[in-house]
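Scroll down for the structure; my scribbles are underneath it.
Each chain gets a letter, A, B and so on, in the order the sequences are listed, and its residues count up from 1.
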Amino acid sequence: QSALTQPRSVSGSPGQSVTISCTGTSSDIGDYNYVSWYQQHPGKAPKLMIYDVNKRPSGVPDRFSGSKSGNTASLTISGLQAEDEADYYCCSYAGSYTYVFGSGTKVTVL
Amino acid sequence: QVQLQESGPGLVKPSQTLSLTCTVSGGSISSGGYYWSWIRQHPGEGLEWIGSIYYSGSTYYNPSLMSRVTISKDTSKNQFSLKVNSVTAADTAVYYCARGPGITARNFDYWGQGTLVTVSS
């Protein structure tokens, strides 16, 4: 069970859009629509931002959206804001009641 | 509002057992509908799912850790616990407890603040 692959960092100016990719295999992302995304500010606990590939929990701005194609899931942040600067982690169900997280992506707001 | 709080020693000696407890408030671990999980984060690194327990007592573990890990629960105290045997420096991490995955929503929606456990002599 290897970690899902994410780019180490992405950046954008306020108001722009950024997209974070999360690449897995046919045994996790490719086989299930159970991808979730978490935002983590320094020293804080992760916060659920997206679940079931593209659903937003109550209270999460609609600037955050998710999608999936084949073995790769993506998180897009539209209209980037300063408070979006954080680390982001994807997570996928991997069968047999197991879960695998991504390696994490640092989003920098220029 | 569900709240989770980790507790336990912040320093463990190599080869000993790491033991942590998660106390849940605002929700019952015995009400069903959700698993309750442990997740860790090595310093400066990503998240790693350790394992989960259901109210029935069913447990599921990360295959890479399952030989050393035990998750249990105490419904009378609304707590669940983690034990990691034979620890090494590689087990140094921030350990989080979380609610989830749900039976229908397979995500982790509430998290504790995390507790740093250092393995060192």
Side-chain angles (χ1 to χ4, degrees), chain A residues 1-9 20 22 24 27-29 31-60 66 68 73 75 86-106, chain B residues 1-7 20 22 24 34-67 69 71 93-116:
Chain A
Q1 197 182 55
S2 299
L4 306 174
T5 301
Q6 298 181 233
R8 184 169 293 273
S9 64
I20 303 167
C22 171
S27 298
D28 39 61
I29 292 177
D31 206 16
Y32 305 97
N33 289 321
Y34 294 124
V35 177
S36 51
W37 288 89
Y38 302 84
Q39 176 192 66
Q40 186 180 36
H41 287 108
K44 300 295 187 181
K47 174 187 176 183
L48 177 66
M49 303 300 284
I50 294 287
Y51 67 98
D52 291 357
V53 176
N54 56 15
K55 298 177 182 176
R56 277 188 312 277
S58 175
V60 172
K68 189 189 90 167
L75 173 71
D87 293 326
Y88 291 82
Y89 295 91
C90 58
C91 178
S92 176
Y93 180 63
S96 301
Y97 298 93
T98 66
Y99 292 80
V100 60
F101 281 92
S103 48
T105 299
K106 180 176 179 57
Chain B
Q1 178 82 349
V2 175
Q3 293 184 313
L4 301 95
Q5 178 67 58
E6 305 88 352
S7 59
L20 295 174
C22 182
V24 179
Y34 294 94
Y35 286 78
W36 301 86
S37 299
W38 288 96
I39 295 159
R40 71 180 182 180
Q41 186 170 34
H42 295 105
E45 297 186 19
L47 300 166
E48 180 180 34
W49 173 75
I50 299 172
S52 306
I53 188 166
Y54 197 47
Y55 81 100
S56 63
S58 298
T59 51
Y60 300 96
Y61 301 118
N62 187 320
S64 67
L65 296 169
M66 66 185 305
S67 65
V69 169
I71 297 176
V94 174
Y95 286 77
Y96 294 99
C97 59
R99 187 180 80 165
I103 296 301
T104 54
R106 302 197 185 193
N107 55 68
F108 307 95
D109 58 357
Y110 290 97
W111 296 63
Q113 65 184 28
T115 186
L116 174 63

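- Among residues two or more places apart in sequence or in another chain, the side-chain contact (heavy atoms from CB on, under 4.5 Å) test is passed with A/N54 by none.
- Tested against B/R106, the residues A/Y32, A/Y34, A/Y97 include a single side-chain contact (heavy atoms from CB on, under 4.5 Å) partner, A/Y34.
- For a residue to count as touching a neighbouring chain, one of its non-hydrogen atoms must lie under 4.5 Å from one of that chain's; by this rule A/S92 does not touch chain B.
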**Request:** Verify side chain to side chain contact (heavy atoms under 4.5 Å, CB included) between A/Y89 and B/Q41, making sure each step is shown before the conclusion.
**Result:** CA-CA 12 Å; A/Y89 295 91; B/Q41 186 170 34; 3.1 Å; yes
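- Of all residues in residues 38-46 of chain A, those placing a non-hydrogen atom less than 4.5 angstrom from a non-hydrogen atom of chain B are A/Y38, A/Q40, A/K44, A/A45, A/P46.
- Only the backbone of A/S103 has a heavy atom closer than 4.5 Å to any heavy atom of chain B.
- Separating the CG atom in B/L47 from the OH atom in A/Y99 is a distance of 15.0 Å, to the nearest 0.5 Å.
- The stretch residues 48-57 of chain B participates, sequence neighbours left out, in these salt bridge (Lys or Arg N to Asp or Glu O under 4.0 Å) pairs: B/R40-B/E48.
- Taking CG from A/D87 and CD from B/E45, the interatomic distance works out to 12.5 Å, rounded to the nearest 0.5 Å.
- There is no contact between B/T59 and chain A, counting heavy-atom distances below 4.5 Å.
- Counting heavy-atom pairs closer than 4.5 Å to chain B, the top residue among A/L48, A/D52, A/I50 is A/L48.
- The side-chain heavy atoms of B/W49 and A/V100, taken from C-beta on, include no pair separated by under 4.5 Å.
- Chain A is approached within less than 4.5 Å, heavy atom to heavy atom, by B/N107, B/F108, B/D109, B/W111, B/G112, B/Q113 from residues 107-116 of chain B, ordered by number.
- Within the 4.5 angstrom heavy-atom criterion, only side-chain atoms of A/Y93, from C-beta onward, approach chain B.
- B/I39 is listed as a side-chain neighbour of A/F101, based on a closest heavy-atom distance under 4.5 Å.
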